[in-house]
Amino acid sequence: MQKITQRDKKILVVLCAVIVAAIYLQFILLPSLNSISQSKQTIDSLSSRVDEMYSLRIQNVNMKKNLKKLSKKYDDSKSKLPVNERNPEIEYDIQNIASDSKVTVSSIVFGDAKPFTEVSNNKKDQASSNNSSEKNGDLIEIPVNINVTGNDKDSIMKFLSSIESTNRISEINDANITLNNEATQDSNNSQDKKLTLSVTANYFYIVSKDKESIQYNFGTGK
């Protein structure tokens with residue numbers, strides 16, 4: 001048997017090292033690298049999903065804010081021009097305005113509701129409007145005759161101005177101020193003077209055939 005030389009030993013050592021390296025590379029390093037690569041891809045995918053979810057969350061928050069603003073605008077528009085008749089709110093607002101203006105309400109009389117027509121002075125148009133049935137989406141006007149008494153002109157004018165500037169859309173049709181007949185003949189005594197305001201205001205609403213349980217919003221008319 002031929003004796004192994006020092007050179008052969010070195011070659012065998014190198015060969016064994018190559019074989020070990022190949023085995024390590026094939027069965028340990030490459031699978032580990034593949035696992036790391038897959039883990040990195042999973043992490044990147046999860047990171048993208050997290051970013052997407054965060055972006056959706058931001059969009060959600062913004063949509064909720066916008067929805068809240070739109071809801072407020074919708075509520076404001078409903079208070080300006082409500083859906084269906086809401087006469088109790090009108091009376092409540094008038095009583096509040098009278099209290100703030102320091103006048104006393106003598107009477108509130110609601111007239112017949114009728115479809116709004118631009119040429120309201122035309123009696124023929126008014127008659128046809130009264131005879132026509134309300135349709136979904138029609139603009140309806142309700143004339144309200146209000147009589148109040150006050151001690152001075154300022155309080156009367158404040159009441160009249162407040163009626164015109166309520167949140168709900170209204171239109172002053174006519175107004176008349178007279179000196180109360182119960183005033184004494186001593187015109188120098190201002191405490192005995194009473195002024196009476198008779199005003200007709202037209203209020204409006206939109207007809208909706210989808211009638212739901214009406215919830216009145218008292219105290220929001222100003």
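A donor-acceptor pair under 3.5 Å is absent between the side-chain atoms of S71 and the main chain of L67, judged by distance alone. Between the side chain of T149 and the main chain of S106, no donor-acceptor pair closer than 3.5 Å is present.
Separation of atoms CD1 (I156) and NZ (K194) is listed at 9.5 Å; rounding is to 0.5 Å. Atom CD1 of I28 is separated from atom CG of L30 by 10.5 Å, given to the nearest 0.5 angstrom. How far CD of Q95 is from OG1 of T104: 9.5 Å, rounded to the nearest 0.5 Å. Atom CD1 of I206 is separated from atom CD1 of I140 by 8.0 Å, given to the nearest 0.5 angstrom. In this structure, NZ on K102 lies 12.0 Å from CG on D154, to the nearest 0.5 angstrom. In this structure, S208 OG and E85 CD are separated by 13.5 Å, a value rounded to the nearest 0.5 Å.
Of all heavy-atom pairs between R168 and I90, the closest is NH1-CG1, 3.4 Å.
Among pairs with a residue in residues 28-41, those fulfilling side chain to side chain donor-acceptor pair (under 3.5 Å) read K40-D44, at least two apart in sequence or across chains. Applying the side chain to side chain donor-acceptor pair (under 3.5 Å) rule to pairs touching residues 50-68 yields nothing, sequence neighbours excluded.
Every side-chain contact (heavy atoms from CB on, under 4.5 Å) that E171 has, sequence neighbours left out, goes to N202, F204.
Judged by distance alone, the side chains of N147 and S107 do bring a donor and an acceptor atom under 3.5 Å apart.
The shortest side-chain heavy-atom distance between S77 and Y74 falls under the 4.5 Å cut-off. For the pair T166/I97, a side-chain contact is recorded, criterion being any heavy-atom separation below 4.5 Å from C-beta on.
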